[in-house]
Amino acid sequence: MSIPFSMAHKAVKNILETKSEWLGTVEVKDYGYFFDLMMVLIFGGIPWQVYFQRVLSAKTEKSAMYLSYIAALGCFIAGIPPILIGAIAKSTDWNQTDYKGQIPIPPDQQKLILPLVLQYLTPSVVSFFGLGAVSAAVMSSADSSVLSASSMYARNVWKLVFRQKASEREILWVMRIGIFLVAALATTIGITIKTVYGLWFLCSDLVYVVLFPQLCCVVYLKSTNTYGSMAAYWIGIMMRLTGGEPLFHLPALIKYPLYDYETDMQKFPFRTMS
């Protein structure tokens with residue numbers, strides 16, 4: 001809805017004519033790095049609790065399967081508008097808009113490209129719907145994450161570890177208290193951390209490295225057992241963290257092949273290897 005209006009704005013050039021400015025290239029030395037991130041995006045989202053909430057709420061197994069396939073296609077299609085919005089922002093002469101910030105937009109402000117495009121390149125009505133859609137999506141993801149974390153604690157920790165004979169009413173109250181505690185913790189992290197996006201990315205990273213192999217083994221390997229699962233869990237985490245994490249200023253203890261010493265980045269697909 002917002003793309004046609006923003007494309008038609010007088011300050012925006014034709015994105016086909018400016019593709020040399022926004023269309024990047026991938027060097028051969030970066031193939032491993034982008035392959036790694038591609039695998040995180042494809043497989044890292046499968047073991048998420050929020051996904052299984054939707055799968056388990058389906059009426060039949062077939063409907064869950066079909067919805068999953070449709071969602072895979074939907075994710076691909078949903079990735080196209082953000083690309084176009086980024087191209088539009090790169091093709092915009094921001095001096096011709098009401099934007100009063102620094103031009104060109106500095107790197108630390110580039111995460112605000114979507115709201116900037118909605119605010120300055122579309123009519124107020126379209127901007128209202130656009131920002132409302134983004135807010136609704138964020139709140140939906142936030143509340144499902146808070147609910148899933150508290151429900152997992154109530155079921156998998158409180159009942160299985162501390163109170164095996166706990167009633168459903170007790171579990172429900174533990175879940176309610178857990179919602180408040182998880183929400184408070186999430187709010188604290190959101191206020192104190194420098195990049196929420198980076199934290200989300202790291203979370204996807206760890207889910208891919210730790211949980212995806214566990215899920216595959218449980219489903220497809222009959223010989224899977226507790227000891228193997230625990231060994232894989234700790235070895236996977238250790239290999240991932242020793243590869244370094246800039247978000248937490250964690251240096252790379254293991255420098256895999258193709259390591260870039262200038263940017264301190266692993267170019268080898270070490271996440272997939274882990």
Side-chain angles (χ1 to χ4, degrees), residues 1-45 69-142 194-202 204-205 208 246-247 260 262-263 265 267 269 271:
M1 185 176 167
S2 62
I3 286 170
F5 288 98
S6 54
M7 273 186 170
H9 195 279
K10 62 180 182 180
V12 180
K13 301 174 187 173
N14 189 323
I15 61 172
L16 294 177
E17 296 175 2
T18 60
K19 65 180 181 180
S20 59
E21 296 179 29
W22 56 265
L23 192 63
T25 56
V26 180
E27 297 182 28
V28 176
K29 65 177 182 179
D30 293 329
Y31 281 1
Y33 173 74
F34 280 101
F35 169 79
D36 212 13
L37 297 188
M38 184 175 71
M39 298 299 281
V40 171
L41 282 170
I42 294 171
F43 296 113
Y69 287 138
I70 293 168
L73 180 64
C75 284
F76 183 81
I77 295 171
I80 297 172
I83 294 172
L84 290 175
I85 287 171
I88 289 166
K90 191 69 176 174
S91 307
T92 300
D93 180 1
W94 290 97
N95 288 310
Q96 294 186 38
T97 67
D98 295 330
Y99 175 67
K100 303 299 182 185
Q102 186 178 342
I103 299 174
I105 298 171
D108 63 328
Q109 294 295 312
Q110 287 174 4
K111 59 189 175 184
L112 301 175
I113 284 297
L114 174 60
L116 288 176
V117 167
L118 291 172
Q119 184 175 353
Y120 295 109
L121 301 181
T122 63
S124 300
V125 176
V126 176
S127 176
F128 172 80
F129 279 108
L131 292 172
V134 173
S135 302
V138 170
M139 287 188 287
S140 169
S141 298
K194 287 185 178 180
T195 165
V196 175
Y197 176 80
L199 197 64
W200 185 268
F201 182 80
L202 177 63
S204 305
D205 204 321
Y208 170 60
L247 180 65
D260 191 333
E262 290 183 9
T263 59
M265 285 179 64
K267 296 300 177 74
R271 297 173 182 84

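Heads up: numbering here begins at 1 and tracks the sequence. A quick note: this is a predicted structure, and the numbers were derived from the prediction, not measured.
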Applying side chain to side chain contact (heavy atoms under 4.5 Å, CB included), can you list everything that pairs with [X], at least two apart in sequence or on another chain?
| X | result |
| --- | --- |
| T18 | K13, I15, E21, W22, S91 |
| P4 | none |
| A72 | none |

Over all atoms of both residues, closest heavy-atom pair of [X] and [Y]:
| X | Y | value |
| --- | --- | --- |
| P269 | G32 | CB-O, 3.6 Å |
| G44 | Y208 | CA-CB, 3.7 Å |
| S6 | I3 | OG-O, 2.9 Å |

Filter on side-chain hydrogen bond (donor to acceptor under 3.5 Å, both in side chains), then keep only pairs touching residues 26-37, sequence neighbours left out; what's left?
D30-K267, D36-R271, D36-T272
Does any pair with a residue in residues 74-96 pass ring pair (Phe, Tyr, Trp, His ring centres under 6.0 Å), and if so which ones, sequence neighbours excluded?
W94-Y99
Is there a side-chain contact between I88 and T92 (heavy atoms, below 4.5 Å)?
yes
Tell me which donor-acceptor pairs under 3.5 Å the side chains of residues 116-136 have, and how far apart each pair is, sequence neighbours excluded?
| unit_1 | atom_1 | unit_2 | atom_2 | d |
| --- | --- | --- | --- | --- |
| T122 | OG1 | L118 | O | 2.4 |
| S127 | OG | L118 | O | 3.3 |
| S135 | OG | L131 | O | 2.8 |

